[in-house]
Amino acid sequence: MARSAGLILPVQSDVANAVAGWQRWLGDERRVAAATLEAYNADLIGFLRFIAEHDGAAVDLPTLAKLKQSDFRAWLASQASAGLAKTSTARALAALRSFYRFLARRKLVNNTAIALLRTPKLPKSLPKALSVDEADDVVREIAAQSDEPWIGKRDLAVVLLLYGAGLRIAEALSLSAAELKRVAQGASSLMVTGKRQKQRVVPMLPAIGEAVGDYLAACPFALAANEPGFLGARGKTLNPAIVQKSIRSLRGLLGLPETATPHALRHSFATHLLGAGGDLRSIQELLGHASLSTTQRYTDVDAARLSAVYGAAHPRARRPS
C-alpha cells in the first residue's frame with residue numbers, strides 16, 4: 001500500500017510516485033483546471049482500485065504495462081454496472097489515457113492496448129442559447145434581484161460581460177480591479193485569460209463599460225488593483241454560485257427555461273453573433289475555443305432557429321388550408 005495525495009491506495013511506491021508526477025504535470029505544465037484535475041485524479045484512483053481488486057495485489061508499474069484490452073474492458077464494464085453516465089465514463093477513459101501517455105513519455109510504461117479502446121459514443125448536445133428577447137430581459141431585470149443597489153449594479157456588469165463579450169463566468173469573475181477600471185474608462189478591448197492560460201482579445205461594448213463603471217463607483221469596499229474586482233456582499237471575491245443563484249431567481253420571474261444559466265448567456269453571445277452574420281473563425285477567436293469544431297456547434301443552433309422561422313413565416317412552408 002502507498003499514500004498519494006493524502007489517500008492510502010492499493011499501489012506500490014513506483015505507481016504512487018508516478019501518480020504524483022502525473023498530477024504535477026497536469027497542473028504545472030498542462031495547466032489543467034483545478035476541477036478537471038480533481039475529477040481526473042478521482043477517475044485514476046478508481047481505476048487503480050479496480051485493478052488491485054481484479055489482480056488481488058497492490059498495483060505496480062509492471063502490472064500496468066502488461067494489462068490487456070480485456071482488462072481495460074472489464075474496468076469499463078464496471079463503470080457501466082455502477083450506473084455511471086457515458087459522459088463520466090468517457091472522462092474517466094480520457095484521464096486514464098492521459099496517465100498512460102505520461103508514463104510513456106517518462107519511459108516508465110509502454111502499453112498500446114489502451115489506445116485500441118473506443119470512447120463511449122456520447123449524445124450530441126447543442127448549446128442552450130436564449131432568444132434575443134430573453135437575453136434582453138435578463139439584462140434589463142438582473143439588477144432588481146438584489147435589495148442592495150451596488151450588488152444589483154455588480155450583477156448587471158457581470159451579466160453584460162457574459163452576454164456582451166462572451167466571457168466564461170470564471171473569466172469574468174477573475175478580472176482584476178485594474179482591468180475593470182480600464183473597461184470603465186472606455187477601453188475598446190480587453191485581454192482575457194481563459195482555459196489553459198490561453199489569452200485572447202475581446203472587444204468591449206460601451207454598455208459594458210458603463211455598467212462596470214457604475215459598479216466600481218457604487219462598490220463600498222476598497223479594491224486592490226491586482227485582485228479580483230467583483231466582490232461579494234462581505235467584501236470577499238465573488239463566488240460564481242452567487243451569480244448562478246441570481247439567474248436562477250430571475251428564471252422564475254421571467255418564465256425562462258431551466259437551461260437559462262450564466263453559461264447560457266455566453267452561448268447566446270455566440271449564437272446571436274452567428275445569426276447576425278458573424279463568421280465562425282471570428283467567433284472562435286472571441287470565445288477562445290481551441291478547436292473550430294467546438295464553435296461549429298453553433299451552426300446547428302442557428303440552423304434550428306432559421307428552420308423554425310422559415311416554417312412559421314415562409315409562404316412555401318405553409319400547408320394549404
Side-chain angles (χ1 to χ4, degrees), residues 1-125 170 193-198 288-294 297:
M1 295 289 182
R3 184 178 293 273
S4 177
L7 296 174
I8 297 176
L9 301 179
V11 299
Q12 299 290 356
S13 59
D14 57 352
V15 172
N17 292 335
V19 170
W22 174 68
Q23 292 169 338
R24 289 192 299 272
W25 175 71
L26 285 177
D28 298 340
E29 295 187 35
R30 298 292 294 169
R31 294 181 177 178
V32 170
T36 302
L37 181 57
E38 182 179 354
Y40 271 24
N41 190 48
D43 292 331
L44 180 60
I45 288 172
F47 170 77
L48 293 172
R49 285 179 172 156
F50 172 83
I51 295 301
E53 184 177 346
H54 191 60
D55 281 7
V59 181
D60 57 14
L61 290 178
T63 299
L64 294 178
K66 70 180 183 182
L67 291 178
K68 301 175 181 177
Q69 258 192 288
S70 57
D71 298 312
F72 292 117
R73 285 174 178 162
W75 167 65
L76 289 174
S78 74
Q79 298 278 101
S81 298
L84 295 180
K86 287 185 178 180
T87 51
S88 298
T89 301
R91 187 201 62 213
L93 185 54
L96 191 57
R97 283 173 170 153
S98 171
F99 181 57
Y100 267 93
R101 283 196 299 270
F102 171 82
L103 295 178
R105 287 190 181 102
R106 297 300 188 274
K107 301 188 184 305
L108 297 172
V109 167
N110 185 25
N111 187 321
T112 59
I114 190 171
L116 302 176
L117 294 176
R118 291 185 178 181
T119 300
K121 189 173 182 180
L122 302 178
K124 185 178 180 181
S125 61
T193 302
K195 289 183 176 180
R196 297 187 178 179
Q197 300 301 301
K198 181 180 178 182
H289 285 161
S291 170
L292 183 62
S293 63
T294 305
R297 294 182 304 163

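This structure is a prediction, so every number in the text was calculated from the model and none was measured.
The CG atom of L93 sits 6.0 Å away from the CD1 atom of I114 when rounded to the nearest 0.5 Å. Atom OG of S98 sits about 11.0 Å away from atom CG of D43, to the nearest 0.5 Å. Atom CG of N110 and atom CZ of R105 lie 12.5 Å apart (nearest 0.5 Å). Taking CG from L67 and OH from Y100, the interatomic distance works out to 4.5 Å, rounded to the nearest 0.5 Å.
Residues N111 and A65 come closest through the heavy atom pair ND2-O, 3.1 Å. Between Q23 and L37 the shortest heavy-atom distance is O-CD1, 4.1 Å. Counting all heavy atoms, side chain and backbone alike, Q12 lies closest to D60 at CG-CB, 3.6 Å.
Annotation: side chain of L44 is in contact with side chain of L96 (closest heavy-atom distance under 4.5 Å). Side-chain atoms of D55 and T63, non-hydrogen and from C-beta on, do get closer than 4.5 Å to each other. Counting heavy atoms from C-beta outward, W75 and H54 have side chains that stay 4.5 Å or more apart. When side chains are defined from C-beta on, Y40 counts as touching R91, because their heavy atoms get closer than 4.5 Å. By the 4.5 Å heavy-atom criterion applied to side chains, V19 and I45 are not counted as neighbours. A 4.5 Å side-chain heavy-atom check between R106 and W22 finds every atom pair outside the cut-off. Two residues are said to be in side-chain contact when any heavy atoms from C-beta on lie closer than 4.5 Å; V59 and R49 fail this criterion. Inter-residue side-chain proximity for T36 and L26 is flagged as unmet; no heavy-atom pair is nearer than 4.5 Å.
With hydrogens and angles disregarded, a donor-acceptor distance shorter than 3.5 Å links the side chain of D14 to the backbone of L61. Using modelled atom types, no side-chain atom of D28 and backbone atom of W25 make a donor-acceptor pair closer than 3.5 Å.
Within 6.0 Å of CD on E53 lie no more than 12 heavy atoms contributed by other residues, nucleotides or ligands.
Relative ring orientation between F72 and F47 is described as parallel, the plane-to-plane angle staying below 30° on a 0-90° scale split at 30° and 60°.
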